[in-house]
Amino acid sequence: MKIAVLGGDGFVGWPTSLHLSDQGHDVHIVDNLSRRWIDTELGVQSLTPMDSIQERTRIWHQETGRKIHFHLIDLARDYEVFKQWLVREKPDAIIHFAEQRAAPYSMKTDRHKNYTVNNNVNATHNVLNALVETGLDAHLVHLGTMGVYGYSTIGAAIPEGYLPVGIETLEGDTVNQEILYPANPGSIYHMTKCLDQLLFQFYAKNDGLRVTDLHQGIVWGTHTEQTRKHDQLINRFDYDGDYGTVLNRFLIQAAIDYPLTVHGTGGQTRAFIHIQDSVRCIELALNNPPKAGDKVKIFNQMTETHRVRDLAEMIARKTGAKIAYLPNPRKEAAENDLVVRNEQFLALGLDPITLEEGLLDEVVEVARKYAYRVDRSRVPAVSAWTKDIAKTVEKDPEGTRLKSVG
Ligand code: NAD
Ligand code: USQ
């Protein structure tokens, strides 16, 4: 297949591009490199030393003989350029990773809120619009988030995208319908993913576009089979307070002897998936496209759930790290349960990698190897969800009232 990987220079996009190229697909990365610019804006860098995208693809060619092409296009702004690109390249499938994906970054200031909404909603809409306009019947696979469902405890499992409901008619009968599970975003970033869902629903219904939406949990780990092939194919690894995600952050914190930064009581339960499984799920989704006229195909792309404080305690036991219970900069439920259905990927043959010693050790090893690149002052998460929360966090940035020894 000829596959366009939008956002293929990013944390999930890069190993996905390598995996698909390894399987013999003709891979074309489309990226505006905005994530690299955001590193510059924030004054941070990936824990792992990343080469330029051109250099990465050159090394891949040298190691495997396979070519990955790179195209510099801003999907949110360069609609005409992208449309012409589609006409020229005619991909069979498009994987869409190209969005601003950090919740804390999306909540930093009004400018960051605007940027996230403009970038994410425009990028998604431009891709859909261009597909209709060019008449290209490419299967669109989008990386969405488990966060569209929200994290309230309701005592029921979260279904894969759709909820059967009974609606009382004017005559008092009940009609049954299947609706998108009610969206309940917890940040501006997560809200853009909820808006994406409506765009997909409309274009699948109105224009018969074939769309798969993957509601993915938090991705952890760094290496995949292909990124291990050469030092310069290494994946990016975010550890800073805006882009670092919780489990990867705890692992690097343990490696640099920094107390694990648990927000609040750490009672938040979240869904997780290893980077290798994420890449594999995308391949499974590509191989099982919906038909034109079908509703959007939605998968929950996660393999296990964990409570944040349990993760911190597990890593503290393994590594001797201390735990700091910090004032939570986010507005979120202090404690929640989470049960998620993910039967579709399991039925397609996914054999989940679960959180286990070997893989955790591997990440700690990567973290130790590159610890010299860490700027400790960039570890705290300082982006607050509201002005009132900002005041609380500012008063006690180190969590001195809450700190405990792990
Ligand atoms: P990332 O920030 O590392 O990669 C995103 C890539 O998209 C970057 O290379 C960036 O330069 C590019 N991009 C952004 N806006 C663009 C635009 N307008 N035009 C062209 N390129 C653009 O993010 P990631 O961690 O690889 O996540 C990829 C996708 O998966 C995101 O959509 C994210 O919401 C989703 N996701 C990620 C996780 C996770 O834990 N990392 C979990 C669930 C879902
Ligand atoms: N948390 C801590 N300490 C930290 C960092 C985070 O306790 O140092 C807590 C947060 O308060 C939150 C939970 O851990 O309760 C998860 O935070 P996160 O930063 O790991 O994940 P999140 O902001 O939800 O976003 C990440 C990705 C996003 C993706 C989402 C999937 O950045 O792109 O959509 O995970 S999900 O969480 O399933 O919505």
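For ligands, and for the atoms within them, numbers begin at 1 and follow the listed sequence. Atom set for the values below is all heavy atoms of this structure, side chains included, hydrogens, waters and symmetry mates excluded. The first residue in the sequence is number 1, and the count goes up from there.
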Regarding atom 14 (O) of ligand 2: of the candidates T265, L311, V246, which has the closest heavy atom? V246
Check the angle between the aromatic planes of H28 and H69 and answer parallel, tilted or perpendicular using the 30° and 60° thresholds. parallel
Could you establish whether D31 and ligand 1 come within less than 4.0 Å of each other, counting only heavy atoms on the residue side? yes
Residue portion contacting ligand 2 (non-hydrogen atoms closer than 4.0 Å) for Y239: neither
Going by heavy-atom distance to atom 3 (N) of ligand 2, choose the closest among T261, N248, L260, L247. T261
Where on H263 is there a heavy atom closer than 4.0 Å to ligand 2, on the side chain, on the backbone, on both, or on neither? both
With a 4.0 Å cut-off on heavy atoms, is I73 in contact with ligand 1? yes
Using heavy atoms and a threshold below 4.0 Å, how should the contact between E332 and ligand 2 be classified: side chain, backbone, both, or neither? side chain
Within reach of ligand 2, part of V308 (heavy-atom separation under 4.0 Å): side chain
Check whether the side chains of T222 and N235 place a donor and an acceptor atom closer than 3.5 Å, and report yes or no. no
Using a 4.0 Å heavy-atom threshold (strictly under), name the region of L33 that reaches ligand 1: side chain, backbone, both or neither. backbone
Closer than 4.0 Å to some heavy atom of Q216 - which atoms of ligand 2 meet that? 31 (C), 38 (O)
May I have the step-by-step check of ring-ring contact (aromatic ring centres under 6.0 Å, His included) for F299 and H215, ending in yes or no? CA-CA 6 Å; F299 292 84; H215 290 183; 9.9 Å; no
Quick test of your reading of the structure: of D9, I273, N119, whose heavy atom lies closest to atom 18 (N) of ligand 1? N119
Heavy-atom proximity to atom 33 (C) of ligand 1 ranks first, among H71, R101, R36, for R101
How are the rings of Y105 and Y243 set to each other: parallel, tilted or perpendicular (split at 30° and 60°)? tilted
Out of all atoms in ligand 1, which are within 4.0 Å of some heavy atom of K193? Include the element for each. 31 (C), 32 (O), 33 (C), 34 (O)
Please compare T245, V148, I218 and report which has the shortest non-hydrogen distance to atom 27 (C) of ligand 2. T245
Would H125 and Y203 count as a close aromatic pair, with their ring centres under 6.0 Å? yes
Side chain, backbone, both or neither: which applies to Y243 and ligand 2 if a contact is any heavy-atom pair less than 4.0 Å apart? neither
Measuring from the heavy atoms of G147, does anything fall under 4.0 Å of ligand 1? no
Restricting to heavy atoms, the pick from W14, F97, W37, Y105 nearest atom 5 (C) of ligand 1 would be F97
